[in-house]
Asks: 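This is the structure, below, for whatever I ask next.
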Amino acid sequence: MPGTVLNLPEILLTDTFSGKKVPLATLVPGAVGIYCCGPTVYDLSHVGHARAALVPDVIVRFLRAQGYRVKYVRNITDIDDKIIARAQRDGIAAADVAERFAAEYHRDLDALGMLRPDVEPRVSEHLPEIVALVENLVAKGLAYVVGGDVYYRVAAFHLYGRLSGRNRAELLDGAGSRVEVDERKESPLDFALWKAAKPGEPAWDSPWGPGRPGWHIECSVMSSTHLGTSFDIHCGGRDLIFPHHENEIAQSQGAYGEHTFARYWVHNGFINFAGEKMSKSLGNVWTIRQVLDLYPAETLRYFLLTVHYRTGLNFEIEERATGVRFPGLEDADDRVAYVYETLAGARGELGVASGSDAAGGISPGEVTPGVADLAAAFAEAMRNDFNTPAALGVLSKPLAEVNGLIGSGKGVARDVRRRTLARFLADLRTVSAVLGCFGQAPATFLATRRDLKAARMGLDTARVERLVAERGAARAARDWAAADRLRDELAALGVAVKDGPAGSVWSL
RNA sequence: GGCGGCAUAGCCAAGAGGCUAAGGCGACGGUCUGCAAAACCGUUAUCCCCGGUUCGAGUCCGGGUGCCGCCUCCA
């Protein structure tokens with residue numbers, strides 16, 4: 001809107017390129033373009049992929065909540081050596097492999113409550129643009145043709161290495177020591193823009209003969225096609241800094257000029273198992289699906305948000321005779337349940353129907369201090385480099401206050417109490433819009449959680465119900481000894497019983 | 001070998017030089033309870049080591065030590 005004064009609060013983010021935490025100044029005030037390196041679809045996605053998708057997801061959600069107009073682009077790499085290898089192994093077409101695992105990817109991310117990107121381009125839909133960019137680079141002397149292959153001439157791009165903090169001499173030093181060097185390349189640092197097809201491989205026509213794009217060129221093309229040759233934020237895993245993102249910069253800036261391409265680089269840290277990076281070669285990969293068979297999706301989501309996105313996240317595992325256990329997820333699960341219990345309590349107190357929150361009629365006036373600060377403190381934490389662990393910390397005080405009000409509310413005026421609960425419910429909706437947590441009907445989450453937990457524990461729910469009923473009878477007869485014995489029996493099964501005025505309920 | 005990152009309480013984890021170092025888990029004490037559980041209240045750290053810059057450093061600089069990542073496909 002021309003002429004409109006935009007008064008958006010300052011947002012800080014850590015930019016890998018400058019290595020600093022800097023204020024976000026977008027190309028177009030009030031608007032943000034984000035590109036995220038998506039998956040190569042040749043297998044089920046693992047927890048690391050979930051994190052890589054979650055980081056931009058939360059950034060996009062938050063920026064929108066702050067009033068930005070966001071265009072979110074995340075690609076799907078559907079042409080790749082690994083896809084071809086899988087297709088050959090399974091004896092099906094590469095395109096079918098890609099199609100299948102792209103669908104699986106969506107299924108997993110949808111389960112985790114991730115927003116679909118506004119545009120989800122695929123390499124296979126951008127061949128003409130890719131060929132054009134490669135031709136452009138060849139014309140500029142930044143690429144050369146060898147047989148049916150085209151390579152980027154790294155020596156011709158003087159800015160090479162800026163993102164990853166390397167220079168060409170250092171790189172040359174290391175190069176070749178670990179990998180065989182293709183003799184036909186002018187330099188070991190040169191990378192493929194276009195690869196000639198071998199017999200039986202999928203191929204597209206090009207001026208250099210049938211072949212397919214190299215890995216890096218696709219992101220240069222898809223980002224500029226959908227966001228322009230300059231855009232705001234580029235996301236991806238830390239491991240992509242070199243060479244993938246370095247090469248993207250070489251391609252894009254080589255073609256469009258030094259001050260083009262991504263203005264901010266946001267890289268997420270890894271997920272580790274027992275202190276080591278999760279990777280297929282180490283055989284310690286957990287797919288999203290494996291985890292979601294054991295824990296609610298929201299629990300995994302919450303767990304991933306308990307650590308700042310740039311930091312490594314330890315995913316501890318305890319292997320037991322009865323099965324695997326993830327202590328970190330266990331804690332997250334309890335915490336999410338605590339939030340939902342509180343939400344349920346606040347709703348019950350206000351007589352809010354389970355379908356609607358109906359907290360619409362919050363009158364202005366006093367609320368308890370923690371709840372009063374909730375929304376502002378949450379936004380402030382998020383503005384500081386999308387600090388989700390700090391933002392989650394902000395919830396503790398209000399949660400405790402609200403539970404206090406639900407418990408007795410002694411000493412708090414009735415109108416303050418109702419207003420506080422209503423405000424809390426309203427603010428939690430804002431929180432859930434940003435984090436993608438705490439947005440379900442409490443009963444739904446709690447039931448899902450209990451079922452999964454019972455399954456994990458191999459619990460016989462019918463037996464539990466029977467014991468609880470027996471104990472209820474004992475309590476009614478004031479036979480405390482029998483009641484306590486039954487409670488111990490339940491406790492041994494991992495079941496906790498709570499006695500309330502309305503009777504006993506059990507939980508895990 | 002080169003480059004990058006990290007080191008905060010028993011454990012997990014925030015903290016872009018300055019009020020009493022967030023928060024969670026656990027532990028301990030208390031309120032509530034038939035006793036419990038849940039919930040609530042309270043207690044629980046001087047930031048790996050050495051040196052420097054500064055009126056002032058967990059936060060900046062230099063040097064150690066120890067982890068991790070990247071340099072090959074990789075979120």
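All chains are named by letter (A, B, ...) in the order of the sequence lines, taking the proteins before the strands, and each is independently numbered beginning at 1.
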Asks: So does A/Glu349 pair up with A/Arg417, basic N to acidic O under 4.0 Å?
Replies: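 Salt bridge flag = yes for A/Arg417 with A/Glu349.
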Asks: Give the table of side-chain donor-acceptor pairs shorter than 3.5 Å for residues 326-344 of chain A, with sequence neighbours excluded, one pair per line with atom names and distance.
Replies:
{"unit_1": "A/Glu330", "atom_1": "OE1", "unit_2": "A/Tyr295", "atom_2": "OH", "d": "2.8"}
{"unit_1": "A/Glu330", "atom_1": "OE2", "unit_2": "A/Arg456", "atom_2": "NH1", "d": "2.8"}
{"unit_1": "A/Asp333", "atom_1": "OD1", "unit_2": "A/Thr299", "atom_2": "OG1", "d": "2.5"}
{"unit_1": "A/Asp333", "atom_1": "OD2", "unit_2": "A/Arg449", "atom_2": "NE", "d": "3.1"}
{"unit_1": "A/Asp334", "atom_1": "OD1", "unit_2": "A/Arg449", "atom_2": "NH2", "d": "2.8"}
{"unit_1": "A/Arg335", "atom_1": "NH2", "unit_2": "A/Ser396", "atom_2": "OG", "d": "3.1"}
{"unit_1": "A/Tyr338", "atom_1": "OH", "unit_2": "A/Asn403", "atom_2": "ND2", "d": "3.4"}
{"unit_1": "A/Tyr340", "atom_1": "OH", "unit_2": "A/Glu298", "atom_2": "OE1", "d": "3.0"}
{"unit_1": "A/Tyr340", "atom_1": "OH", "unit_2": "A/Glu298", "atom_2": "OE2", "d": "2.8"}
{"unit_1": "A/Tyr340", "atom_1": "OH", "unit_2": "A/Phe438", "atom_2": "N", "d": "3.3"}
{"unit_1": "A/Tyr340", "atom_1": "OH", "unit_2": "A/Gly439", "atom_2": "N", "d": "3.1"}
{"unit_1": "A/Tyr340", "atom_1": "OH", "unit_2": "A/Gln440", "atom_2": "N", "d": "3.0"}
{"unit_1": "A/Thr342", "atom_1": "OG1", "unit_2": "A/Tyr338", "atom_2": "O", "d": "2.8"}
{"unit_1": "A/Thr342", "atom_1": "OG1", "unit_2": "A/Asn403", "atom_2": "ND2", "d": "2.9"}

Asks: How close or far is atom C1' of B/rA75 from atom NZ of A/Lys277, stated in whole angstroms?
Replies: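 Answer to the nearest Å: 9 Å.
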Asks: For B/rC3 and B/rA13, measure between their P atoms and round to the nearest Å.
Replies: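 Comparing P positions in B/rC3 and B/rA13 gives a spacing of 28 Å.
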Asks: So, using ring pair (Phe, Tyr, Trp, His ring centres under 6.0 Å) as the criterion, who are the partners of A/His46 when residues are at least two apart?
Replies: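 With sequence neighbours excluded, A/His46 shows a ring pair (Phe, Tyr, Trp, His ring centres under 6.0 Å) to A/His49, given in chain and number order.
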Asks: Which letters describe nucleotides 34-46 of chain B, given B = protein heavy atom under 4.0 Å from base, S = only from sugar-phosphate, - = neither?
Replies: BBBBSSSS-----
Asks: Check side chain to side chain contact (heavy atoms under 4.5 Å, CB included) between A/Pro213 and all other residues, then give those that pass, not counting sequence neighbours.
Replies: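 Side chain to side chain contact (heavy atoms under 4.5 Å, CB included) check on A/Pro213 returns A/Ile79, A/Val123, A/Leu127, A/Ile130, A/Trp194, A/Ile217.
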Asks: Just by protein heavy atoms under 4.0 Å, how would nucleotides 3-11 of chain B read 5' to 3' in B, S and -?
Replies: S-S------
Asks: Please report, rounded to the nearest Å, how far the C1' atom of B/rG23 is from the CG atom of A/Asp331.
Replies: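 Atom CG in A/Asp331 sits about 13 Å away from atom C1' in B/rG23.
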Asks: Under 3.5 Å, sequence neighbours excluded: what are the donor-acceptor pairs made by side chains of residues 301-313 of chain A?
Replies:
{"unit_1": "A/Arg301", "atom_1": "NE", "unit_2": "A/Leu435", "atom_2": "O", "d": "2.8"}
{"unit_1": "A/Arg301", "atom_1": "NE", "unit_2": "A/Gly436", "atom_2": "O", "d": "3.4"}
{"unit_1": "A/Arg301", "atom_1": "NH1", "unit_2": "A/Asp57", "atom_2": "OD2", "d": "3.3"}
{"unit_1": "A/Arg301", "atom_1": "NH1", "unit_2": "A/Leu112", "atom_2": "O", "d": "2.9"}
{"unit_1": "A/Arg301", "atom_1": "NH1", "unit_2": "A/Gly113", "atom_2": "O", "d": "3.2"}
{"unit_1": "A/Arg301", "atom_1": "NH2", "unit_2": "A/Asp57", "atom_2": "OD2", "d": "2.8"}
{"unit_1": "A/Arg301", "atom_1": "NH2", "unit_2": "A/Leu435", "atom_2": "O", "d": "2.8"}
{"unit_1": "A/Thr306", "atom_1": "OG1", "unit_2": "A/Phe303", "atom_2": "O", "d": "2.6"}
{"unit_1": "A/His308", "atom_1": "NE2", "unit_2": "A/Asp385", "atom_2": "OD2", "d": "3.3"}
{"unit_1": "A/Tyr309", "atom_1": "OH", "unit_2": "A/Asp385", "atom_2": "OD1", "d": "2.6"}

Asks: Kindly express the pairing pattern of RNA chain B in dot-bracket notation, using | wherever a base pairs with another strand and counting only Watson-Crick or G-U pairs under 3.5 Å.
Replies: ((((((((.[[[..)..(....]]]((((((.......))))))...[[[[[..)....]]]]])))))))....
Asks: Could you check whether A/Glu470 pairs with A/Arg485 (Lys NZ or Arg NE/NH1/NH2 to Asp/Glu carboxylate O, under 4.0 Å)?
Replies: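 Result for this pair is no, no salt bridge flagged.
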Asks: With sequence neighbours left out, write down each residue that passes side chain to side chain contact (heavy atoms under 4.5 Å, CB included) with A/Ala192, or none if nothing qualifies.
Replies: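 In terms of side chain to side chain contact (heavy atoms under 4.5 Å, CB included), with neighbours along the sequence ignored, A/Ala192 is linked to A/Tyr151, A/Lys195.
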Asks: When you get a sec, tell me which of B/rA75, B/rC25, B/rA14 is the closest nucleotide to the side chain of A/Asp239?
Replies: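 Between B/rA75, B/rC25, B/rA14, the one nearest the side chain of A/Asp239 would be B/rA75.
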Asks: Going by heavy atoms closer than 4.0 Å, what residues in residues 377-391 of chain A are next to RNA chain B?
Replies: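 Hits under 4.0 Å, by residue number: A/Asn384, A/Asn387, A/Pro389, A/Ala390.
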Asks: Taking atom types as they are modelled, would you say the side chain of A/His308 forms a donor-acceptor pair with the base of B/rA13 within the 3.5 Å cutoff?
Replies: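 No.
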Asks: Go through the structure and list residues passing side chain to side chain contact (heavy atoms under 4.5 Å, CB included) with A/Arg289, not counting sequence neighbours.
Replies: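 Result, side chain to side chain contact (heavy atoms under 4.5 Å, CB included) vs A/Arg289: A/Leu44, A/Glu104, A/Arg107, A/Asp108, A/Thr287.
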Asks: Does any donor atom in the side chain of A/Glu401 or A/Thr420 lie under 3.5 Å from an acceptor atom in the other side chain?
Replies: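 There is no such pair (donor and acceptor under 3.5 Å, judged by atom type) between the side chains of A/Glu401 and A/Thr420.
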Asks: Counting only pairs under 3.5 Å, give me each side-chain donor-acceptor contact of residues 16-25 of chain A, with atom names and distances, residues two or more places apart or in other chains.
Replies:
{"unit_1": "A/Thr16", "atom_1": "OG1", "unit_2": "A/Trp265", "atom_2": "O", "d": "3.2"}
{"unit_1": "A/Thr16", "atom_1": "OG1", "unit_2": "A/His267", "atom_2": "ND1", "d": "2.7"}
{"unit_1": "A/Ser18", "atom_1": "OG", "unit_2": "A/Asp15", "atom_2": "OD2", "d": "3.1"}
{"unit_1": "A/Ser18", "atom_1": "OG", "unit_2": "A/Lys20", "atom_2": "N", "d": "3.3"}
{"unit_1": "A/Lys21", "atom_1": "NZ", "unit_2": "A/Asn384", "atom_2": "OD1", "d": "2.8"}

Asks: Could you go over nucleotides 57-63 of chain B and give all protein N or O partners under 3.5 Å, atom names and distances?
Replies:
none

Asks: I want to confirm an ordering. Mapping A/His49 and A/Tyr309 to their closest nucleotides on RNA chain B, which one lands closer to the 5' end?
Replies: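 Its nearest nucleotide being more 5', the pick is A/Tyr309.
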Asks: With a 6.0 Å cut-off on ring centres, are A/Tyr35 and A/Tyr72 close enough?
Replies: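 Ring-ring flag for A/Tyr35/A/Tyr72: false, centres at least 6.0 Å apart.
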Asks: What's the gap between B/rC68 and B/rG51 when it is taken at their P atoms, as a whole Å value?
Replies: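 Pairwise P distance, B/rC68 against B/rG51, rounds to 28 Å.
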Asks: Could you tell me how far apart A/Leu163 (CG) and B/rC70 (P) are, to the nearest whole angstrom?
Replies: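 About 16 Å, once rounded to whole Å.
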Asks: Give me the atom names and distance for the closest heavy-atom approach of A/Pro296 to A/Phe445.
Replies: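 Taking A/Pro296 first and A/Phe445 second, the nearest heavy atoms are CB-CE1, 3.7 Å.
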Asks: Among B/rA14, B/rG69, B/rC71, which is the nearest nucleotide to the side chain of A/Val307?
Replies: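 Nearest listed nucleotide: B/rA14.
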